Undergrad: 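So that we are looking at the same thing, I have put the structure below in structure tokens.
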Number of protein chains: 2
Amino acid sequence: MNVAKPKTRIQERNRRTILEAALEVFSSQGFRGATLDEIAATAGLSKPNLLYYFASKEAIHVTLLTGLMDTWLDPLRALNGDGDPRQEILAYVRRKLEMSRDYPRESRLFANEILRGAPHIDAVLQGELKALVDEKARMIEAWSQRGLISPVHARHLIFSIWALTQHYADFDTQVRAVLGPDEPDPFPEAERYLEMLFSRLLGPGD
Amino acid sequence: MNVAKPKTRIQERNRRTILEAALEVFSSQGFRGATLDEIAATAGLSKPNLLYYFASKEAIHVTLLTGLMDTWLDPLRALNGDGDPRQEILAYVRRKLEMSRDYPRESRLFANEILRGAPHIDAVLQGELKALVDEKARMIEAWSQRGLISPVHARHLIFSIWALTQHYADFDTQVRAVLGPDEPDPFPEAERYLEMLFSRLLGPGD
DNA sequence: GCAAAGTTTGACCATTTGGTCAGTCAAACG
DNA sequence: CGTTTGACTGACCAAATGGTCAAACTTTGC
């Protein structure tokens with residue numbers, strides 16, 4: 001049968017291998033587009049062996065998604081109410097953009113799931129995510145009211161950070177097609193542009 | 001066999017019906033997730049009947065995508081070099097946001113395709129789309145150099161408009177989950193927020 | 001009113017795919 | 001060692017799915 005949590009070295013290693021392969025395949029093909037055969041081939045394991053470690057294709061997907069959610073929200077969690085508002089928000093933007101650059105597969109996996117209406121993580125969105133955003137939004141509103149940043153709608157500010165940074169991972173193909181082959185790495189320019197955008201949005205800094 | 005262009009009333013009507021149903025299914029399930037059976041059921045036709053009008057599942061998808069590309073780029077085409085720069089850009093943002101609100105399925109269909117690496121429309125992105133963006137970017141740079149708007153990286157400005165507006169269609173599930181049931185329609189607030197964001201980005205207006 | 005052209009479908013097919021299972025092989029442990 | 005536990009696989013299955021086709025039914029134009 002399958003195993004809920006890794007116990008032996010072999011289980012530890014193979015579960016990792018499978019999840020890595022599944023991330024590769026799910027993020028580029030979507031849930032239904034991905035096949036167990038392809039994941040197995042990518043992982044270098046046999047299909048029945050996959051199903052020895054995970055109960056089903058869906059179980060792999062859910063494990064991947066829930067595991068991802070945690071690290072994905074870390075940058076937002078790090079937003080510190082006691083820090084300098086502008087620097088905190090700009091640092092958040094920078095960290096999110098780095099994640100788009102360094103973990104584009106994770107971003108696409110997530111985008112795929114939301115596009116489908118988030119069938120596997122709707123509860124997380126309405127629970128954990130909403131609670132976290134509520135908390136941070138209050139923090140931003142407090143900054144705004146104390147005049148430390150220009151007045152903004154805090155939740156839409158957060159949406160705009162998500163949209164702008166994830167765009168460079170999720171729509172990478174389009175970005176590169178438009179920029180053309182002369183500009184092979186969009187990220188340095190994206191960082192400058194986003195820093196400028198949010199600087200102007202948040203008002204004069206010093 | 002199949003038919004390249006509608007000739008009779010029946011063909012006209014049925015091709016429309018099929019494309020409408022296919023848009024519904026493809027945009028919510030992705031290409032591989034969609035099945036001909038489901039498209040047929042949604043269209044109220046039999047599966048062989050679908051394949052009388054379109055050569056294959058892929059043909060339906062490609063027809064939908066290429067047909068979409070045109071209307072999708074209309075707002076950008078409308079960006080007028082002779083108009084008032086701020087008003088032109090803000091109107092473009094508004095128009096794109098309206099499209100996210102009124103045609104979310106089209107936006108998701110497009111997002112799905114780009115996420116997969118744009119296998120069906122890569123040529124369009126590198127050709128038509130790039131050329132259009134190049135042209136409009138030059139226009140924006142000219143505005144910028146004449147001091148009519150603050151200095152911005154024109155291509156990333158366009159990316160940011162796409163990202164921010166499409167986010168409200170593609171990530172609708174997440175947006176609504178975070179805002180909660182009290183705020184059932186995110187769009188009015190989104191419009192105010194985006195207008196403020198781009199106003200501040202583009203510099204003092206009057 | 002009827003032949004030709006266009007439209008629709010039930011039955012069918014080959015392939016793909018998620019998943020099972022009996023049994024083999026490898027490792028750990030006393 | 002030998003046995004128990006864990007890791008692995010070839011062969012297989014049922015369901016789903018994209019697509020075909022001959023035949024039946026409708027519409028159109030004369």
Side-chain angles (χ1 to χ4, degrees), chain A residues 1-65 112-113 116 119-120, chain B residues 1-65 112-113 116 119-120:
Chain A
M1 281 287 148
N2 72 309
V3 185
K5 292 211 169 156
K7 291 176 180 177
T8 73
R9 318 295 148 64
I10 296 179
Q11 283 190 25
E12 175 86 10
R13 178 170 52 81
N14 280 352
R15 281 180 64 100
R16 252 191 238 291
T17 308
I18 292 168
L19 289 174
E20 158 66 26
L23 173 60
E24 183 69 28
V25 178
F26 279 135
S27 68
S28 65
Q29 315 284 339
F31 178 72
R32 281 222 44 201
T35 70
L36 285 180
D37 284 301
E38 195 179 344
I39 296 172
T42 305
L45 298 172
S46 70
K47 185 166 64 169
N49 205 9
L50 285 203
L51 293 163
Y52 173 72
Y53 289 102
F54 291 91
S56 67
K57 180 185 178 183
E58 201 178 0
I60 303 178
H61 195 239
V62 170
T63 303
L64 217 44
L65 270 177
N112 257 310
E113 174 69 8
R116 307 269 122 75
H120 291 138
Chain B
M1 280 289 145
N2 71 308
V3 185
K5 292 212 168 154
K7 291 173 180 179
T8 72
R9 308 317 138 61
I10 296 180
Q11 283 189 26
E12 175 86 12
R13 177 171 50 84
N14 280 351
R15 281 180 64 98
R16 252 191 238 291
T17 307
I18 292 168
L19 289 174
E20 157 66 25
L23 173 61
E24 182 70 28
V25 178
F26 279 135
S27 68
S28 65
Q29 314 284 337
F31 178 71
R32 282 227 37 208
T35 70
L36 285 179
D37 284 303
E38 194 179 345
I39 297 172
T42 306
L45 299 172
S46 70
K47 185 166 64 170
N49 206 175
L50 285 203
L51 293 163
Y52 173 74
Y53 290 100
F54 291 90
S56 65
K57 179 185 177 183
E58 200 178 3
I60 303 178
H61 194 239
V62 170
T63 304
L64 216 45
L65 270 177
N112 257 310
E113 174 69 7
R116 306 266 121 74
H120 292 137

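Computed over heavy atoms, backbone and side chain alike; hydrogens, waters and symmetry mates excluded. These numbers come from a predicted model, not from an experiment. A note on names: the letters A, B, ... follow the listed sequences, proteins ahead of strands, and every chain is numbered from 1.
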Undergrad: Take the protein atom CD1 of A:I10 and the nucleotide atom C1' of C:dA26, then report the distance between them rounded to whole Å.
TA: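 Rounding to the nearest Å, CD1 of A:I10 and C1' of C:dA26 are 8 Å apart.
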
Undergrad: Can you check the B:K57 NZ to D:dG18 P distance for me, whole Å?
TA: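 These atoms are roughly 4 Å apart.
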
Undergrad: For DNA chain D, what residues of residues 22-48 of chain B have any heavy atom nearer than 4.0 Å?
TA: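 Going residue by residue through residues 22-48 of chain B, the ones with a heavy atom under 4.0 Å of DNA chain D turn out to be B:A34, B:T35, B:L36, B:K47, B:P48.
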
Undergrad: Taking atom C1' of D:dG6 as reference, at what distance in whole Å does atom CG of A:L51 sit?
TA: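 In whole Å, D:dG6 C1' and A:L51 CG are 17 Å from each other.
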
Undergrad: Could you give the CG-to-C1' distance, from B:N49 to D:dA24, as a whole number of Å?
TA: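 The answer, rounded to whole Å, is 14 Å.
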
Undergrad: Answer yes or no: does a side-chain N or O of B:Y52 lie under 4.0 Å from OP1 or OP2 of C:dT8?
TA: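 Result: no.
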
Undergrad: Among the candidates C:dT7, D:dG19, D:dA7, find the nucleotide nearest to the side-chain atoms of A:Y53.
TA: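 Of the options given, the side chain of A:Y53 lies nearest D:dA7.
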
Undergrad: Just to confirm, is there a sub-4.0 Å distance from OP1 or OP2 of C:dG6 to any side-chain nitrogen or oxygen of B:Q11?
TA: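 So the side chain of B:Q11 is outside the cut-off, no N or O lying under 4.0 Å from OP1 or OP2 of C:dG6.
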
Undergrad: With a cut-off of less than 4.0 Å, is there a side-chain N or O of B:N14 near OP1 or OP2 of C:dT8?
TA: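 So the side-chain polar atoms of B:N14 do come within 4.0 Å of the phosphate oxygens OP1 or OP2 of C:dT8, strictly under.
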
Undergrad: Charged N to carboxylate O below 4.0 Å: is that the case for A:E20 and A:R16?
TA: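 Result for this pair is no, no salt bridge flagged.
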
Undergrad: Is B:N14 close to B:Y52 at the side-chain level, that is, under 4.5 Å between some pair of heavy atoms?
TA: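 No, side chains not in contact.
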
Undergrad: State which residue, out of B:L36, B:I39, B:T35, fulfils the side-chain contact (heavy atoms from CB on, under 4.5 Å) condition with B:K47.
TA: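 One option only clears the test, and that one is B:L36.
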
Undergrad: Taking the side chain as every heavy atom from C-beta outward, state whether A:I18 and A:N49 have any pair of such atoms under 4.5 Å apart.
TA: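 A side-chain contact is absent here, since even the closest heavy-atom pair is not under 4.5 Å.
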
Undergrad: Are the side chains of A:I10 and A:Y53 in contact, using a 4.5 Å heavy-atom criterion?
TA: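 Yes - at least one pair of side-chain heavy atoms lies under 4.5 Å apart.
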
